[in-house]
Amino acid sequence: MPFQKTNLLGLSPDALTAFFADIKERPFRATQVIKWIHQQGVLDFHDMTNLTKGLRAQLADIAEIKLPEIVGHQISRDKTQKWLLRVDPENCVEMVFIPEDDRGTLCVSSQAGCLVHCPFCATGKQGFRRNLTSGEIIGQLWLAERLLAENQCEPVSLSKTPRNITNVVLMGMGEPLFNLDNVIAATRLMLNDNAYGLARRRVTVSTAGVVPAMDKLRERCPVSLAVSLHAPSDSLRNELVPLNRKYPIKALLDACRRYVSHAPKDKITFEYVLLRDRNDRPDDARQLARLLKGLPAKINLIPFNPFPDAPYRRPRPAAIEVFRNILLAQDLMTITRKTRGDDIAAACGQLAGNKYIA
Ligand code: SAH
Ligand code: SF4
């Protein structure tokens, strides 16, 4: 076996400390290198000037900092941007940046393809390829920070330092909680002050409902949670989110309650894709309201985004309004998510990176 260099890009602060302990270096080296990589964007060990020359040479021998390769870029009419990233010769994934007045959201992928096979999702239709490494996940944020700085899009000023990316959502391709360890390593870097320093509430993991992994995420890195509910009954959800057969709605909602039990101010976002004549009737809304009553919930209604050969349609605007009003009348905080980037197939559920590979 040829010697495999360790990719330092995706090592969490703890893992990087352990890496340096292995080569008899003190923990502060991990902090220095994290700052070089994630804050300064330096990829060449020889440029890390506060490391000794000997350590720089040693790192160049045994380690690397390897990023996904950018192979495509599109900008939507509404300024949403999408990049196609090659992670290996057979696989590409997509990342999307959505600028708004008061925030800039980066939507990152966690897997090439997806195992869950929701029939309304372009990623699910394409099947599962592989988990992304933590380096491939955090690499998307690394790249987007630099690409947006070069693009000179107007940074949002939230605090002292204006930044382009104020929020990260793991809502791109794949089911993040089927790739838990790598997702946790990447989110820890997102939160780390020596790396990206994002607040816990500004990083959101979206899941189709992998119940045991929700508990682990809460224990190990309790970022914001979004749950893809999409149906108010098990019979309908079994069809729309096949994972429901394994983790039905009651088990899922119990896990949601546990998730916020130690953080009383947190809310769970429930995503509900609206599919015409499938789950968009007033009765569905009433059933949904009963289900979520008493939970610290925000509901995000996502009008279905079409993709080639999709077997569903988006409801009419009036039906969406009726659905939302039923939830609002039950005091459930409900927004209809604006469709962004659909002219470049960058909207929720339209990502299908591998179709670009012959
Ligand atoms: N696998 C995770 C995260 C990625 S999908 C999950 O399912 O939660 C991100 C969101 O987009 C999910 O809520 C998903 O259900 C929704 N989505 C998928 N396909 C869609 C489509 N065609 N139109 C609208 N939303 C869609
Ligand atoms: Fe996978 Fe999420 Fe798409 Fe379902 S909606 S197939 S879980 S990416």
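All ligand and atom numbering here is 1-based and tracks the order in the structure. Treat the numbers as computed from the prediction; the structure is a model and nothing was measured.
With hydrogens left out, the protein atom closest to atom 2 (Fe) of ligand 2 is G174 O, 4.5 Å, a heavy atom. Ranking protein heavy atoms by distance to atom 18 (C) of ligand 1, first place goes to G349 CA, 3.4 Å. Counting protein heavy atoms only, atom 26 (C) of ligand 1 is closest to C348 O, 3.6 Å. Looking from atom 14 (C) of ligand 1 to the surrounding protein, the closest heavy atom is H230 NE2, 3.9 Å. Scanning the protein heavy atoms around atom 10 (C) of ligand 1, the nearest turns out to be E271 OE2, 3.7 Å. Atom 2 (C) of ligand 1 has its closest protein heavy atom at S206 O, 3.4 Å. For atom 7 (S) of ligand 2, the nearest protein heavy atom (residue, atom name, distance) is V116 CB, 3.5 Å. Of the protein's non-hydrogen atoms, the one nearest atom 3 (Fe) of ligand 2 is C121 SG, 2.4 Å. Closest to atom 4 (Fe) of ligand 2 among all protein heavy atoms lies C118 SG, 2.4 Å. If you check which protein heavy atom lies closest to atom 9 (C) of ligand 1, you get M171 O, 3.5 Å. Remark: minimum distance from atom 7 (O) of ligand 1 to any protein heavy atom is reached at S228 OG, 3.4 Å. Atom 23 (N) of ligand 1 has its closest protein heavy atom at N305 N, 2.9 Å.
Nearest to atom 1 (N) of ligand 1 by heavy atom, out of C121, G174, G172, is G174.
Using a cut-off of 4.0 Å between Lys/Arg side-chain N and Asp/Glu carboxylate O, R130 and D88 are scored as salt-bridged. For R220 and D181, the salt-bridge test passes: some basic side-chain N is under 4.0 Å from an acidic carboxylate O. Looking at R237 and D234, no side-chain N of the basic residue comes within less than 4.0 Å of a carboxylate O on the acidic one, giving no salt bridge. Ion pairing of R201 with D266 is present here, as a side-chain N (NZ or NE/NH1/NH2) and a carboxylate O approach within less than 4.0 Å. Between K338 and E100 there is no salt bridge, since none of the side-chain N atoms of the basic residue sits less than 4.0 Å from a carboxylate O of the acidic one. Between R258 and D254, none of the side-chain N atoms (NZ, or NE/NH1/NH2) sits under 4.0 Å from a carboxylate O, so this pair counts as no salt bridge.
For E239 (side chain) and S235 (main-chain N/O), no donor-acceptor pair under 3.5 Å exists by modelled atom type.
Side-chain contact between C107 and V169 is present, with heavy atoms from C-beta onward closer than 4.5 Å. Looking at R337 and N305, their side chains never come closer than 4.5 Å, going by heavy atoms from C-beta outward. A heavy-atom distance below 4.5 Å is not found between the side chains of I75 and F97. At a threshold of 4.5 Å between non-hydrogen side-chain atoms, the residues E145 and H38 do not count as touching.
Between atom 1 (Fe) of ligand 2 and C114 there is an N/O/S contact shorter than 2.8 Å.
Of the heavy atoms in E175, both backbone and side-chain atoms come closer than 4.0 Å to ligand 1. When heavy-atom distances to ligand 1 are checked against a 4.0 Å cut-off, T123 has no atom that comes that close, whether in backbone or side chain. By the criterion of a heavy-atom distance under 4.0 Å, the side chain of V273, and not its backbone, is placed next to ligand 1. No part of M173 comes within 4.0 Å of ligand 1, judged by heavy-atom distances.
Near G124, meaning under 4.0 Å from any of its heavy atoms, are these atoms of ligand 2: 6 (S). Taking every heavy atom of A208 and a limit of under 4.0 angstrom, the matching atoms of ligand 1 come to 6 (C), 8 (O). With ligand atoms numbered from 1 in the order given, ligand 2 contributes 7 (S) to contacts under 4.0 Å with heavy atoms of A208. Distances below 4.0 Å separate heavy atoms of F304 from the following atoms of ligand 1: 21 (C), 22 (N), 23 (N).
Ring geometry for F323 against Y272 counts as tilted: the plane angle lies between 30° and 60°, on a 0 to 90° scale.
The aromatic ring centres of F128 and F178 sit 6.0 Å or more apart.
An N or O contact shorter than 3.5 Å links F120 to ligand 1 by distance.
Side-chain polar atoms of D14 and S12 form no donor-acceptor pair below 3.5 angstrom.
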